[in-house]
Number of protein chains: 2
Amino acid sequence: MARDTVGRWVTGPPGGPCGTLVPLPTGEQTAERPSTPPEEGTVPGPLRDAARTRRALLDAAARSVVVHGAGVSLDTVAREAGVSKGGLMHHFRSKDELLGALADDLFEQFTRAVEDRVDPDDVAPGRRLRAYVHATFDDLERREEAVELATLLATLGSFPEAARRSQDRYRHWNESLAEDGVDPQRVLLVLRACDGVSIAPLFEGPLGRDELATTRDLLLALTRGEGPPA
Amino acid sequence: MARDTVGRWVTGPPGGPCGTLVPLPTGEQTAERPSTPPEEGTVPGPLRDAARTRRALLDAAARSVVVHGAGVSLDTVAREAGVSKGGLMHHFRSKDELLGALADDLFEQFTRAVEDRVDPDDVAPGRRLRAYVHATFDDLERREEAVELATLLATLGSFPEAARRSQDRYRHWNESLAEDGVDPQRVLLVLRACDGVSIAPLFEGPLGRDELATTRDLLLALTRGEGPPA
DNA sequence: GGCAGCATACCGACCAGACGGTTTGTTACC
DNA sequence: GGTAACAAACCGTCTGGTCGGTATGCTGCC
């Protein structure tokens, strides 16, 4: 899953309340391709590949939103993806549809990240909740600019379509985590804290590695029925 | 402080990680004034009052942002405040400046709300943190549309200037609350959870009164050194 | 009190540019 | 050759911001 050698973005672990896995803004990755044989480190395959272009567009959208905030223009996203605006419109008929798809995409990747982090040896209650915590914090620690994720989430949230989809999918998480064998109040607490650490950098600035690590351990302890220190 | 009889907006309690106290969208309040004596339920004072106009503009901005999201036009805000766009530009030289001022304003009101909620009879450690929790949840419960606050915060966060100011001011809170006699980890946990409940409605939909009440009580217990149920 | 003179609050029209979206044209794949 | 995948030019609309002008409030002076 990790790309890193080819492109720049570590396709590793996402995290956050809405899911993330945003290709880091530095790692641009267009929809282009080499001429004849697998030449450079670029992508193989046919010159025109709808799936690849779509992927590039979504990644570009995520990066552009992080940089330009809510006012991203379709043109910016298209150019960032190495595609014309017409090309973008071919894949997403409107801006709303693009951002909605982006929300879906991020959520899916976050979901996968959580699944990946479910420890097979962990049979105690709260194993899924722990995976959720890990997915959230892994992603936060991966980013250089801690504000990235928060900006992205905030922006998406302010677009009705994207917010709506996020809400729909989020319900599933809540229900799924409720059946994890942990006291409901603890589940609520942990989930809200995860939301908080994801969004806090936006208002508070970067959180600091120590603070992040401490909070992660604390939340993990909570999932195990332990309590915070007095 | 409560206006409610004159205008519609209850100037009561704010809440949230960045501070709020947004006049509810329904309660419009322009910068106009009666003709000669204190006629109707409108505002007294001179025909032209810079402070009052500024106030009206900030309130209108808050309401408009909630409704229209990040793409609020200056014209919309101005009309909502009963002022021309030229008038708005007189008070705020740019959109960034308007939203920056809005962030400042919300933060100030939230700060006041916390101060108001410090229980004078409460001398146990964590009294300020408890006031913080109350301020946050009071505001959340006050709103009909639970998404309001979240939308507002998210939008402001996506404007650099507003986010920057918020970050500056937020530092103070963290330092101030660290000296409240509560274990630092608990402080972190409570703060992050407050951030979470404020922003969660955006992704998850409204949280429900029961859930809110439960979470509030849980956080309050945490400030008192008690632990969550096993 | 009233009045001149000035600072300021505010209006309304305006503009250059950007934006979302459409249409039309061109090229690669099956 | 037909269709999907794009590119490029284009359009109407709207936005942030500017500007000249006007009305109002205020302060000192009589």
Side-chain angles (χ1 to χ4, degrees), chain A residues 29-36 42-58 60-61 64-65 67-102 155 158-162, chain B residues 30-36 43-58 60-61 64-65 67-102 155 158-162:
Chain A
Q29 178 76 352
T30 69
E32 277 147 32
R33 204 213 54 161
S35 42
T36 13
T42 36
V43 206
L47 206 96
R48 287 183 174 179
D49 183 336
R52 177 171 16 109
T53 303
R54 192 187 144 91
R55 190 81 291 245
L57 281 169
L58 287 176
S64 305
V65 163
V67 175
H68 298 96
V72 230
S73 79
L74 294 179
D75 199 53
T76 302
V77 174
R79 269 206 304 271
E80 173 84 16
V83 178
S84 74
K85 202 169 82 173
L88 189 156
M89 299 307 289
H90 175 73
H91 286 273
F92 306 97
R93 279 171 301 181
S94 73
K95 190 175 185 176
D96 244 41
E97 195 173 310
L98 170 67
L99 294 177
L102 178 58
T155 304
S158 69
F159 280 80
E161 176 62 17
Chain B
T30 69
E32 276 146 33
R33 205 212 52 159
S35 41
T36 14
V43 206
L47 205 93
R48 286 189 174 177
D49 184 334
R52 181 180 2 116
T53 304
R54 191 187 145 92
R55 189 83 288 248
L57 282 168
L58 287 176
S64 304
V65 163
V67 175
H68 298 96
V72 231
S73 79
L74 294 179
D75 199 53
T76 302
V77 174
R79 270 206 304 272
E80 173 83 17
V83 178
S84 75
K85 203 170 88 173
L88 190 156
M89 299 307 289
H90 175 74
H91 285 273
F92 307 97
R93 278 171 301 180
S94 73
K95 191 175 184 176
D96 243 41
E97 195 174 312
L98 170 66
L99 294 177
L102 177 58
T155 303
S158 69
F159 280 79
E161 175 62 17

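Chain letters run A, B, ... following the sequence lines, proteins first and then strands; every chain starts at 1. All values derive from a computational prediction rather than experimental measurement.
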Legend entry - side chain to side chain donor-acceptor pair (under 3.5 Å) partners of Asp96(A), counting only residues at least two apart: none
Inset, instruction - For Val72(B) and Ser64(B), work out which heavy atoms get closest and say how close. - result: CG1-CB, 3.4 Å
Inset, instruction - Could you tell me which non-hydrogen atom of Lys95(A) sits nearest to which non-hydrogen atom of Gly71(A), and how far apart they are? - result: NZ-C, 4.4 Å
Distances under 3.5 Å between nitrogen or oxygen atoms of protein and nucleotides 11-14 of chain C:
from	atom 1	to	atom 2	distance (Å)
dC11(C)	OP2	Ser84(B)	N	2.7
dC11(C)	OP2	Ser84(B)	OG	2.8
dC11(C)	O5'	Ser84(B)	OG	3.3

Inset, instruction - Find the distance Asp49(B):CG to dC26(D):C1' and express it as a whole number of Å. - result: 13 Å
Inset, instruction - Respond yes when some side-chain nitrogen or oxygen of His90(B) is under 4.0 Å from OP1 or OP2 of dC10(C), and no when none is. - result: no
Inset, instruction - Can you pull out how bent the helix from dG1(C)-dC30(D) to dC30(C)-dG1(D) is, comparing the axes over its first five and last five pairs, to 10°? - result: 20°
Inset, instruction - Provide the closest heavy-atom pair for Leu57(B) versus Ala78(B) in the form atom of the first, atom of the second, distance. - result: CD2-CA, 4.3 Å
Inset, instruction - Tell me which of Arg54(B) and Val72(A) sits closer to the 5' end of DNA chain C, going by the nucleotide each one is nearest to. - result: Arg54(B)
In a table with atom names and distances, give each donor-acceptor pair under 3.5 Å that connects a side chain of residues 81-91 of chain B to protein atoms at least two apart or in another chain.
from	atom 1	to	atom 2	distance (Å)
Ser84(B)	OG	Gly86(B)	N	3.4
Ser84(B)	OG	Gly87(B)	N	3.1

Inset, instruction - Scan residues 91-99 of chain B against DNA chain C and write down, sorted by residue number, each residue with any heavy atom closer than 4.0 Å; if none is found, say none. - result: His91(B)
Legend entry - Test side chain to side chain contact (heavy atoms under 4.5 Å, CB included) applied to Val65(A) and Leu99(A), step by step: CA-CA 10 Å; Val65(A) 163; Leu99(A) 294 177; 4.3 Å; yes
Legend entry - For Thr76(B), side chain to side chain donor-acceptor pair (under 3.5 Å) partners two or more places apart: Ser73(B)
Inset, instruction - Could you tell me the separation between the CG atom of Asp75(A) and the P atom of dA7(D), rounded to a whole number of Å? - result: 12 Å
Inset, instruction - Report the C-alpha separation of Leu58(B) and Phe92(B) in whole Å, then their side-chain angles, then the decisive distance to 0.1 Å, and conclude whether the side chain to side chain contact (heavy atoms under 4.5 Å, CB included) test is met. - result: CA-CA 10 Å; Leu58(B) 287 176; Phe92(B) 307 97; 3.9 Å; yes
Inset, instruction - Grab the CE-C1' distance between Met89(B) and dC19(D) for me, whole Å please. - result: 12 Å
Legend entry - Any Thr53(B) side-chain N or O less than 4.0 Å from OP1/OP2 of dC10(C): yes
